[in-house]
Engineer: 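A single structure is presented below for examination.
Residue numbers begin at 1 in each chain, while the letters A, B, ... track the order of the sequences. Every heavy atom of this structure was used, including side-chain atoms; hydrogens, water molecules and symmetry mates were not.
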Amino acid sequence: MADALDRQAQAEAAASPTWHLAQDDHGHGHGSPTILGFWIYLMSDALLFAALFATYGVLSTSYAGGPTPRELFDLPLVALNTAILLVSSITYGFAMLAMERGALRGTQLWLLVTGLFGVAFVGVELYEFSHLIAEGATPQRSGFLSGFFTLVATHGLHVTVGIVWILVMLVQLQQRGLHLDNKRSLLCLSMFWHFLDVIWIGVFTFVYLLGMLR
Amino acid sequence: MSSTNATVHQGEAHDAALHEHGDTHGHGSKRSYLIGFGLSAVLTAIPFWMVMTGSFSPGVTAATVIVLAVVQILVHTVCFLHVNTQAEGGWTLIAYVFTGVIVLITILGSLWIMYHLNTNMMPGMMTGEVSNTP
């Protein structure tokens, strides 16, 4: 279906005069507006996170007599999670490099590895949350904990969506191979996954590390 | 309407031709990923080490941690997200800079305003439930 569309598109391109700007022909390498559109979505997502960071920042010392970050946070666990997410970033990079070589198996393998690291990250985070809640540090306990759970869980939810997307792409790749549409989706997912790593830099810095210094 | 469609279709055909020729423009190389990973590992390890050992004063540690986080965000942006002046005709870079400005205004502005609101609030003006806010 999509192949037929492409062939049709190429035929149309050959038959009709040039509509696009001549400067499209050199430089950036993407005729599709999808990449830029997805980038704009990511930027809007960054604004959502900015609002959550600001909320957490304002509430971060409102303990309401409850536990403080120093009593709650387990830095080795956070370091482990940071390492997991960082390694998953480079494994996704390897998936993109395999895609560029046209290696379907390699792309699938590195995607699968990335997905497993993502599952490990969410697993460690859920373990941390269950531990906090068992200690009575629930989101209802204080403004600090409300802000903490909202910010960190929103990031975790994004990673979970990323994992689902990786699974969808694995099925798509299995069925249709390294088709142009799949390549474009993988490029968007790449930006999404690396963007979540950037957000995590903000989380481990402003929530965990600076929290331990208070 | 029909002219818009033609533009899109031609764009896709153009894209397909480009990929068939193995053009890897702007997707990054193995080298850029490895450099980004190495830098990120170091830029992550230093702040964690400083906070976990506590061998520096809290002020110095906090300042270093924040500076290294900003540097690491820039490393990720260049090496992993491949934002540069060429990608998408420079529009990703413009959107990125604009977003950065708004993010800074949102976070720093909120902290600034709420800090002064808290310190200038008369104790009697606060209701009992939120009196724990400093």
Side-chain angles (χ1 to χ4, degrees), chain A residues 6 8-10 12-13 16 18-20 23-25 27-33 35-36 39-40 43 46-47 50-51 53-55 57-58 61-65 75-76 79 82-83 86 89-90 93-94 96-97 100 102 143 180 183 187 191 194-195 197-198 201-202 205-206 209-210 212-213, chain B residues 3 6-19 22-30 33-34 36-37 40-41 44 47-48 51-52 58 61-62 65-66 68-69 72-73 76-77 80-81 86-89 91-92 95-96 98-99 102-103 106-107 109-111 114 130 132-134:
Chain A
D6 269 355
Q8 185 196 345
Q10 273 166 355
E12 279 176 27
S16 59
T18 307
W19 294 98
H20 61 79
Q23 67 181 38
D24 269 9
D25 281 329
H28 53 80
H30 303 290
S32 164
I35 305 299
L36 183 58
W39 181 255
I40 302 295
M43 294 300 101
L47 297 185
F53 271 109
T55 311
V58 169
T61 50
S62 307
Y63 304 126
L75 270 196
T82 306
L86 185 57
S89 252
I90 188 129
F94 290 151
M96 291 304 286
L97 294 173
E100 291 298 328
L180 179 61
K183 283 186 172 182
L187 201 58
M191 293 191 288
H194 293 308
F195 168 78
D197 208 4
V198 171
I201 297 170
T205 300
F206 291 101
L209 293 181
L210 294 184
M212 293 301 277
L213 292 174
Chain B
S3 71
T7 313
V8 171
H9 283 164
Q10 286 197 338
E12 286 184 1
H14 165 70
D15 203 349
L18 214 56
H19 278 270
D23 192 321
T24 58
H25 239 54
H27 297 203
S29 60
K30 188 166 194 172
Y33 278 114
L34 288 176
F37 181 73
S40 298
T44 304
F48 269 96
V51 173
M52 283 162 106
T61 311
V65 163
I66 291 173
L68 290 183
Q72 197 182 344
I73 287 174
H76 275 246
T77 306
F80 292 157
L81 287 167
Q86 265 80 53
E88 299 297 321
W91 286 107
T92 50
Y96 182 79
F98 174 73
T99 308
I102 302 293
V103 165
T106 307
I107 296 176
S110 298
L111 292 178
M114 294 310 286
V130 292
N132 225 295
T133 322

Engineer: Which value, rounded to the nearest 0.5 Å, describes the distance between Y33(B) atom OH and H194(A) atom NE2?
Structural biologist: 4.5 Å
Engineer: For M43(A) versus Y96(B), what's the shortest heavy-atom pair and its separation?
Structural biologist: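 Shortest heavy-atom separation between M43(A) and Y96(B) comes out as SD-CA, 3.8 Å.
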Engineer: Quick one: what part of L68(B) sits under 4.5 Å from any heavy atom of chain A, side chain, backbone, both or neither?
Structural biologist: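 No part of L68(B) comes within 4.5 Å of chain A.
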Engineer: Kindly write out the residues that satisfy side-chain contact (heavy atoms from CB on, under 4.5 Å) with V198(A), not counting sequence neighbours, or none if the list is empty.
Structural biologist: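 For V198(A), the residues satisfying side-chain contact (heavy atoms from CB on, under 4.5 Å) (neighbours in sequence not counted) are I73(B), H76(B), L81(B).
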Engineer: Do you know which two heavy atoms are closest between E88(B) and L36(A), and how far apart they sit?
Structural biologist: OE1-CB, 3.8 Å
Engineer: Could you tell me which non-hydrogen atom of T92(B) sits nearest to which non-hydrogen atom of W39(A), and how far apart they are?
Structural biologist: O-NE1, 3.0 Å
Engineer: Residues two or more places apart in sequence or in another chain: which of them pass ring pair (Phe, Tyr, Trp, His ring centres under 6.0 Å) with F94(A)?
Structural biologist: W110(A)
Engineer: Using side-chain heavy atoms (C-beta onward) and a distance below 4.5 Å, is L210(A) in contact with V51(B)?
Structural biologist: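 They are not in side-chain contact.
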Engineer: Could you tell me which non-hydrogen atom of A95(B) sits nearest to which non-hydrogen atom of I40(A), and how far apart they are?
Structural biologist: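 Residues A95(B) and I40(A), closest heavy atoms: CB-CD1, 4.0 Å.
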Engineer: Tell me the closest heavy-atom pair linking T99(B) and L47(A), and the distance in Å.
Structural biologist: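 Here T99(B) and L47(A) meet closest at CG2-CD2, 3.9 Å.
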Engineer: Chain B: which of T55(A), I201(A), T205(A), L213(A) shares the most heavy-atom pairs with it under 4.5 Å?
Structural biologist: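 Looking at each option in turn, the highest pair count goes to I201(A).
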Engineer: Kindly give the heavy-atom pair with the smallest separation between L209(A) and P47(B), and that separation in Å.
Structural biologist: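 Reported closest heavy-atom pair: CD1-CB, 3.7 Å.
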Engineer: Would you mind checking which part of M212(A) comes under 4.5 Å of any heavy atom in chain B, side chain (CB onward), backbone (N, CA, C, O), both or neither?
Structural biologist: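 Only the side chain of M212(A) comes within 4.5 Å of chain B.
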Engineer: Would you give the length of the straight line joining atom OG of S40(B) to atom CG of D197(A), rounded to the nearest 0.5 angstrom?
Structural biologist: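 Those atoms lie 7.5 Å apart.
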